[in-house]
Chemist: 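Below are the structure tokens for one structure; questions will follow.
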Amino acid sequence: MQNLKDIPCLILGIGNILWADEGFGVRVVEAFNDKYAFTDPNNVIADGGTLGMYLYDRICRAEKLLIFDCCDFKGKPGELRVLRNDDVKLWTATKISPHQTGMNDLLAGQVVYMKRKNNHLIYKS
């Protein structure tokens, strides 16, 4: 894989609209897409569903990354938390997402490979 950064900004919603989290991330990107538009057509707003490793290529191609997902931080229901860069622990040290391959595993892999520090994740308890 070459170090191609052809997506300036990727906003990715993760989740399953038929499961307990009611697709929080998916619903966020739907609402974002309804209200806003990128001026640069190379930017991407995407429903990542529960695709796990199938998102790896797109994530690696993004210069900046914003992910919306749910997790269990043992916080109050609906509480939002933002994780940045090194807040995402390497590999399976902590499973923060209930979806297939943990998003932390996927992101840690691309951070190691790409040495990129522009990850921002917003999680809802």
Chemist: Salt bridge (Lys or Arg N to Asp or Glu O under 4.0 Å) with D6: which residues, sequence neighbours excluded?
Modeler: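 Only R61 meet the salt bridge (Lys or Arg N to Asp or Glu O under 4.0 Å) criterion with D6.
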Chemist: Atom CG of L65 and atom SG of C60: how far apart are they, to the nearest 0.5 Å?
Modeler: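 Separation between the atoms: 10.0 Å.
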Chemist: Could you tell me whether the side chain of E79 and the main chain of K76 form a donor-acceptor pair under 3.5 Å?
Modeler: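 Yes: the side chain of E79 pairs with the backbone of K76.
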Chemist: Can you name the residues that form a side chain to side chain contact (heavy atoms under 4.5 Å, CB included) with D40, not counting sequence neighbours?
Modeler: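 Result, side chain to side chain contact (heavy atoms under 4.5 Å, CB included) vs D40: P8, N42, N43.
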Chemist: Restricting to non-hydrogen atoms, name the atom on L12 and the atom on V29 that form the minimum distance, rounded to 0.1 Å.
Modeler: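 Looking at all heavy atoms of both residues, the closest pair is C-CG1, 3.8 Å.
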Chemist: Can you give me the closest heavy-atom contact between A62 and K5, atom names plus distance?
Modeler: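 Residues A62 and K5, closest heavy atoms: O-NZ, 3.4 Å.
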Chemist: Report the residues that fulfil ring pair (Phe, Tyr, Trp, His ring centres under 6.0 Å) with F32, sequence neighbours left out, ordered by chain and then residue number.
Modeler: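 Partners of F32 under the ring pair (Phe, Tyr, Trp, His ring centres under 6.0 Å) test: Y36.
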Chemist: For a side chain to side chain contact (heavy atoms under 4.5 Å, CB included) with L10, tell me which candidate from I45, L55, I59 qualifies.
Modeler: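 One option only clears the test, and that one is I59.
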Chemist: Between R58 and I7, is the side-chain contact (heavy atoms from CB on, under 4.5 Å) condition met? List the steps.
Modeler: CA-CA 8 Å; R58 185 175 266 186; I7 303 173; 3.8 Å; yes
Chemist: Working to the nearest 0.5 Å, report the span between CZ of F24 and CD1 of I17.
Modeler: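 One finds 15.0 Å between CZ of F24 and CD1 of I17.
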Chemist: Hey, does F38 have a side-chain heavy atom less than 4.5 Å from the side chain of I11?
Modeler: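 Touching, per the 4.5 Å side-chain cut-off.
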